[in-house]
Participant: 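Quick one: this structure, given as C-alpha cells, is what I'll be asking you about.
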Amino acid sequence: DEFVLKGDAVVVREAATLPSGEKLERLEFQGQHLHVYQATRRIVSDQPVLLIRGSNRITANRLDYTERDGSGEALLSGRVRAMLPGRKGP
C-alpha cells in the first residue's frame, strides 16, 4: 500500500524490541507532505521535515528514509540541522 499524507502529517514507528534483543527508540516523522510506501517501509518527502528520535531532533528540506530489519537509513538533503543533546553522566 501507498499513502500520501498532506498538511501537518505525522508518521510514528513506536518503540520496539527486535528478536535479537536490540531496542529501537520511538521514531517520529513530521511534515506537510509525507509519501509512505508501506510494503518497502519507505517514507519520502520533497518538502521540509522534522525527525524526532528520543531527545534528538533533525530538520531537513527533503527526506528519503528506508527501514530494513529494524535498521533505518535516512538520506536528508537541502538545509539539514540537528539537535543532539548530550547524555547525563553516571
Participant: May I ask you to test the Phe29-Leu63 pair for a side-chain heavy-atom distance under 4.5 Å?
Facilitator: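 A side-chain contact under 4.5 Å exists here.
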
Participant: Under 4.5 Å between any side-chain heavy atoms of Leu27 and Ile52, yes or no?
Facilitator: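 Leu27 vs Ile52: side chains apart.
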
Participant: Among the clusters formed by ILVMFWY side chains lying less than 4.5 Å apart, do Leu76 and Val36 turn up in the same one?
Facilitator: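 Yes.
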
Participant: Distance from Leu51 atom CG to Asn56 atom CG, nearest 0.5 Å?
Facilitator: 10.5 Å

Participant: Could you tell me the separation between the CD atom of Gln47 and the CZ atom of Arg62, rounded to the nearest 0.5 Å?
Facilitator: 11.0 Å

Participant: Quick check: do Asp46 and His33 have side-chain heavy atoms less than 4.5 Å from each other?
Facilitator: yes

Participant: Just one of His35, Arg42, Gln38 clears the side-chain contact (heavy atoms from CB on, under 4.5 Å) bar with Glu2, so which one?
Facilitator: His35

Participant: Tabulate below the donor-acceptor pairs under 3.5 Å that side-chain atoms of residues 5-18 make, not counting sequence neighbours, or state none.
Facilitator:
residue : atom : partner : partner atom : Å
Asp8    : OD1  : Gln32   : NE2          : 2.9
Arg13   : NH1  : Glu67   : OE1          : 2.8
Arg13   : NH2  : Glu25   : O            : 2.5

Participant: Minimum heavy-atom separation for Ser77 and Ala60, please, with both atom names.
Facilitator: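 It is O-CB, 3.9 Å.
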
Participant: Examine Leu75 and Val80 and state if one hydrophobic cluster contains both, with Ile, Leu, Val, Met, Phe, Trp and Tyr joined whenever side-chain heavy atoms are less than 4.5 Å apart.
Facilitator: no

Participant: Considering all heavy atoms of both residues, which atom of Ala74 and which atom of Tyr65 are nearest to each other, and what is their separation?
Facilitator: CB-CD1, 3.8 Å

Participant: Quick one, Leu50 and Arg57 - any side-chain contact, counting heavy atoms below 4.5 Å?
Facilitator: yes

Participant: How many angstroms lie between atom OG1 of Thr40 and atom CZ of Arg68, to the nearest 0.5 angstrom?
Facilitator: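 If we round to the nearest 0.5 Å, Thr40:OG1 and Arg68:CZ are 8.5 Å apart.
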
Participant: Using every non-hydrogen atom in the two residues, find where Ser45 and Leu34 come nearest and quote the distance to one decimal.
Facilitator: CB-CD2, 4.0 Å

Participant: Do Thr59 and Val49 come close enough that some side-chain heavy atom pair is under 4.5 Å?
Facilitator: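 No. Closest side-chain heavy atoms not under 4.5 Å.
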
